[in-house]
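In the text below, chain A, chain B and the rest are named by the order of the sequence lines, each starting its count at 1.
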Amino acid sequence: MARIGVFVCHCGENISATVDCDRVAENASGLPGVVHSVDYKYMCSDPGQTLIKEAIKEHKLTGVVVAACSPRMHEPTFRKACAEAGLNPFLCEMANVREHCSWVHEKTESTTQKAKDVVRLLVEKVKRNEALQPIKVPVTKKAVVIGGGVAGIQASLDIANGGHQVLLVEREPSIGGHMSQLSETFPTLDCSQCILTPRMVEVAQHPNITLWSYSEVIGLDGFIGNFTVKIRKKAKSIDEHLCTGCGLCTQKCPVRKIPSEFEQGLGTRPAIYTPFPQAVPNKPVIDKLNCTYYLKGRCKLCERVCPTQAIRFDQPDEIVEVQAGAIVLATGYDIKRTDFFPEYGYGKYKDVIDGLQFERLASASGPTGGMIRRPSDGQIPKNIVFVACAGSRDPAKGIEYCSKICCMYTAKHAMLYKHKVHDGTPYVFYMDIRAAGKDYDEFTRRAIEVDRTKYIRGRVSRIYEKEGKLVVVGADTLLGGQKVEIEADMVVLATASVANPGSEELAQIVHVSYDRYKFFAEAHPKLKPVETNTAGIFLAGACQAPKDIPESVSAASGAAAKVLGLFANDELTREPLVAVVNRMAPPLFSTCIGCFLCQPVCPYNAIEREEFKTRDGKLLKAVARINPGLCQGCGTCVALCRSKSIDLYGYSNKQIYTEVSALLDEALV
Amino acid sequence: MKIGFYPGCSVDGGSREYKESCRALAKAYGIELESVPDWNCCGASAAHNLNRELALALPARILSLAEKAGMTDLLVPCAACYNRLMLTQHELMKDETLRKNISEVTGLEFKGTCSILNVVHWIQKWILPELPEKIKKPFDYKVACYYGCLLVRPHKVLKFDRPEDPQSLDEVMKLIGATPVDWAFKTECCGAGLSVSKTDVVADLSGKIVRDAVYRQADALIVACPMCHSNLDMRRREINGYLKQNVSLPVIYVTQAIGLALGIDRKELGLHRHFVPVNLPEKAEATK
Amino acid sequence: MSHHEPLIRDSLSGKVLMNTEVKAERCYQCGKCSAGCPVVDQMDIPPSQLLRLLQTEIPSNDEKILRSHTIWLCLNCEMCIGRCPMEVDIPPMMDFLRSESIRRKMVNPKAGNIIAFHRSFLESIRYTGRLFELGLVLSYKSKTFHLFQDAGLAPEMIAKGKLGFIPERIKKVADMKRIFSRTLKKGVQS
Ligand SMILES: Cc1cc2nc3c(=O)[nH]c(=O)nc-3n(C[C@H](O)[C@H](O)[C@H](O)COP(=O)(O)OP(=O)(O)OC[C@H]3O[C@@H](n4cnc5c(N)ncnc54)[C@H](O)[C@@H]3O)c2cc1C
Ligand code: SF4
Ligand code: SF4
Ligand code: SF4
Ligand code: SF4
Ligand code: SF4
């Protein structure tokens, strides 16, 4: 027999000013199964909780209903109190008579009546509650970080320094990401390589970090604390243990004219290459698409010159599965190329370049040795135009957002140019100068006041070539929209930052959501900026939205902190409010008919297939099974299942029906 | 083979060499160009400058008449008329009430079943297929293809190959042996609508176009619109005044250029009607 | 439309929205339209600034727009909308502003020629269904007293067979009368 206790709270006057609490308690005492019913000023206070605990013991309660505020705030409080008194916490329910009654209604008889009704429903429900045990899952204390830009590097180092194993997976032959391509960085103008290289080396040498470059994640299974990550290690055609990184092969390779990705096409590289001198790992890979041996079956020059016989033309791609407890996505961003701009020549003018190309021109290690020379003829441009917001804030081009970093790097470019070409004039066409950040506005003012950059407020309508000059046609809106034509020697478009081309695919592989621009979506824009909707997968850096280095690094450390917090536990405890597919004795096994229609609707991929077989392996029946580690208790599958085989613990169909009929019964009387 | 034809007033009048060359080309292909019965003026810029409904009703009547005559392909060589007809069809097809109102004004049903072709699309669909075999005398000149505004904008409705630096006219020219120059004024406005009322503006705008074509060493400007043609050809005196230089660069309709390559007689193509004489460099003509 | 925005606004910007679906507020004043406009140098108010005036919804600014030369110089070349990042459809807006300027009798004195030309053009269509070019030129010249401007062109045009002397008429001129009288109510425009 059920022995239910009802505890009605006044919440000071919050409830009692509108609801007649003692009458609610009195009414409850008459409900079938209720053996104890009281009201009290503050149930959540210590004496209030003691009241509940003592009643449980004294009246041997089998269920508790606290009529008070929303469960959001105090359900854990009261459940804990119940547990302390020896009652399974899931046998405690809350009737919300504050948000649902006193706060939303006037003081009338029907308000009190509604409170009575709400209590009655919960009494009926709690009678059918089952004692549940929290779910415990073990945690694999190893993290996989995907993407080795500055964000991935930072996250890896932080987790590794926290004492845990990290596998860093990088798609390219080297880590470093875009930051390794930059010349000097705003707002301090320190050299990018100089501050990044030590971090890259630290990654390579850290005992807790394993680095797999030239590798990609191709599959992900499991759940928080227990992921299985499938990774393709692309063949580098090199035995990494033998290779000493001497570089002889790269010097001798006869294929030399491949546009270098690292130099943004402004320089070339051989078919066997390390992307840049400070690369980590500093061992080459063979680009199979361009290697003469792979294309035509002869050459093998590198093999002949290699002093350690490290070249392996027959090396296959390797597919490896790794166990991990947490994943950090740090795959960064990309920028639009100049061919995205019809009005600026569809990319056909050599001297119209993008921001990363300018970074390479300004880099001491770049194709021009740090001299600003235009690509077409190597001349030093005397008039240079920077076009901000190129493609950003441009709904017509499908990119509505502000790319956030370009105002700053454009100011930086103008400065770097002026520092190198003293007699040149930098112009910047801009719409707004967005320089919110520590020392940022001061920085852009310096570009204007000290380095005398001509800022013109207006968008550029078009660029065309005429007599070896690039005519940039814009308007000065601060002069009322007057037309401005500048004959430039070179134009730099601060093109929009966009999601990495492979981001959508990766998001689908690891089951995280992404926004309409294909940047990965955070779980909450303010309160959960480094979490994703999938527990155990975190975000770092510019893969989430355009970010500069300080922001990328902060986000990376934030993600690392989340991972370390997770790894502080040996087991994860979760509320057992999950869905289950019923089980029964053979030959039925379950009322589930194995249609698996529930599988695709589950937003968390929690539904698996379970097969019952005879001893000799013959399949008897396949039915759905819900992985309690993944299920978030949303109930979508419950609503969908046609054979009514799925139930949600804590909100079972039976419980809900009873609640509804309790309400109807009364109404009918 | 018969296809619908809407000449429009200027092609029927002041720019009749355009019509003549269209017909000459069609004849060479055994195509009969059948004019829309009792066609009226589309109203051009004047109508939509002053009254929206009128600007829709005039083209709507033309399209309704063409539909009634069972025309499925309708060639509209004048880019201005083409633009008006396309925009009208677009507006009327997306708004049923408007379609009813306009039908009520014209007294004719409008279904939107005509496929309206500008001259480039017409050439691509009907002339290109057999072109290589038919060429008698390759048009071996450097040409600056001038598209103007009305053929390419608004892109959302007209969907001409690409909005900036379009290519299809250049591609046609390449097929007849010409070398299109890469130049900067393909789609800059020539001042069309202000031709009579603001001659100074026209001289300025058209002057810039002519100047760039000359700078890129083109032998001829290729056009597909009578308004562009008359601004660049008939107004050459004003243009020369603006440029302070006498420019003899001829302005040739795409249909005339193809006609020349097919060996059609100059007179049949109406070349004698141009203000700027069509004297293409001798060397090229002699070598072929 | 958000709940605090009245459906009909009395300002010129409100009328533009009602008649052309062009929302002046979309314009963020980047100036790209002015930069690319072929006639911006001749305009008294560049297109981007015209939008700014419209955004203010101040009667005196509305009047400035309707009295401007700009609205009559616009060629409807569509360059602005072709490149506007916010897709502010300026050309139909210009069409509307012109008719509004006529309706409120605020036509810029410098626009006389342009309107005279358009009117002569429409007159020709109204009475014959087609454009009679010689007639147009003569009618326009007589309207603007520019009798001798362009005089040099006509003889050569005639010599080259470009100008006909007899206006062509469509068969159902009545259709034209019907179209004109139903669209140009009260006959203001012609
Ligand atoms: C022209 C320009 C100038 C700039 N100047 C400055 C400046 O002066 N100061 C400043 O603070 N910021 C600057 N920035 C911004 C800076 O580049 C970024 O903030 C920073 O690079 C972001 O780091 P990230 O690690 O998030 O991404 P990224 O640098 O993009 O790194 C991402 C990494 O992930 C790898 N990756 C991608 N996809 C996969 C995959 N599927 N699997 C495995 N690996 C993958 C990539 O190869 C790359 O190594 C500039 C940006 C530009 C475009
Ligand atoms: S030559 Fe051999 S050892 Fe040297 S970098 Fe190349 S593969 Fe490595
Ligand atoms: S950061 Fe500046 S340049 Fe970049 S999109 Fe935003 S406003 Fe434009
Ligand atoms: S309750 Fe939701 S999360 Fe759980 S298995 Fe069903 S659909 Fe998936
Ligand atoms: S281009 Fe568009 S957004 Fe920019 S000023 Fe002109 S109308 Fe406004
Ligand atoms: S349509 Fe009018 S405002 Fe727009 S660019 Fe052309 S002339 Fe200028």
Side-chain angles (χ1 to χ4, degrees), chain A residues 336-354 374-377 383 385 387 389-392 394-400 429 458-475 481-491 493 495-496, chain B residues 142-149 151-171 174 179-191 194 198 200-201 203-218 221 242-245 247 249:
Chain A
K336 281 286 179 203
R337 308 288 157 200
T338 53
D339 59 3
F340 185 63
F341 301 90
E343 70 275 44
Y344 306 154
Y346 290 105
K348 77 178 170 190
Y349 304 125
K350 276 195 178 153
D351 296 330
V352 176
I353 62 172
D354 61 46
R374 60 185 205 170
S376 66
D377 57 5
N383 271 342
V385 171
V387 180
C389 295
S392 306
D394 192 334
K397 285 193 164 57
I399 302 174
E400 286 181 42
F429 281 95
R459 257 191 197 271
V460 170
S461 170
R462 93 171 169 129
I463 298 171
Y464 64 94
E465 181 272 327
K466 190 183 153 201
E467 301 177 37
K469 297 272 183 189
L470 291 161
V471 185
V472 181
V473 187
Q482 210 175 80
K483 196 169 191 154
V484 181
E485 279 197 10
I486 292 171
E487 298 200 347
D489 301 306
M490 186 159 109
V491 178
L493 305 180
T495 59
Chain B
K142 278 177 101 175
V143 294
C145 294
Y146 176 64
Y147 297 73
C149 325
L151 210 53
V152 294
R153 286 189 296 263
H155 184 67
K156 279 206 169 124
V157 180
L158 303 185
K159 309 226 163 58
F160 201 80
D161 58 23
R162 53 185 207 177
E164 310 267 354
D165 191 15
Q167 294 296 328
S168 26
L169 204 47
D170 296 62
E171 292 304 319
K174 273 189 214 159
T179 314
V181 299
D182 184 15
W183 65 311
F185 283 77
K186 279 182 175 179
T187 59
E188 293 295 297
C189 183
C190 68
L194 298 177
K198 283 249 158 221
D200 47 336
V201 176
D204 170 352
L205 300 179
S206 296
K208 286 182 182 140
I209 295 165
V210 171
R211 182 167 58 195
D212 197 56
V214 171
Y215 163 67
R216 315 270 167 178
Q217 297 174 338
L221 265 167
Y242 168 82
L243 295 178
K244 301 198 175 58
Q245 151 188 21
V247 180
L249 179 75

Can you list everything that forms a ring-ring contact (aromatic ring centres under 6.0 Å, His included) with A:Tyr464? Sequence neighbours excluded, please.
B:Phe185
Give a yes or no answer on whether the side chain of A:Tyr346 reaches the backbone of B:Glu164 with a donor-acceptor pair at less than 3.5 Å.
yes
May I ask you to check whether over 12 heavy atoms, not counting those of B:Lys156, lie within 6.0 Å of atom NZ?
no
Name the region of B:Arg162, side chain, backbone, both or neither, that has any atom closer than 4.5 Å to a heavy atom of chain A.
both
A:Lys397, NZ atom: more than 12 neighbouring heavy atoms under 6.0 Å
yes
Please report the shortest heavy-atom distance between B:Arg216 and A:Lys466, naming the atom on each side.
NH2-CA, 3.9 Å
For chain A, which of B:Asp182, B:Thr187, B:Asp212 has the most heavy-atom pairs under 4.5 Å?
B:Asp182
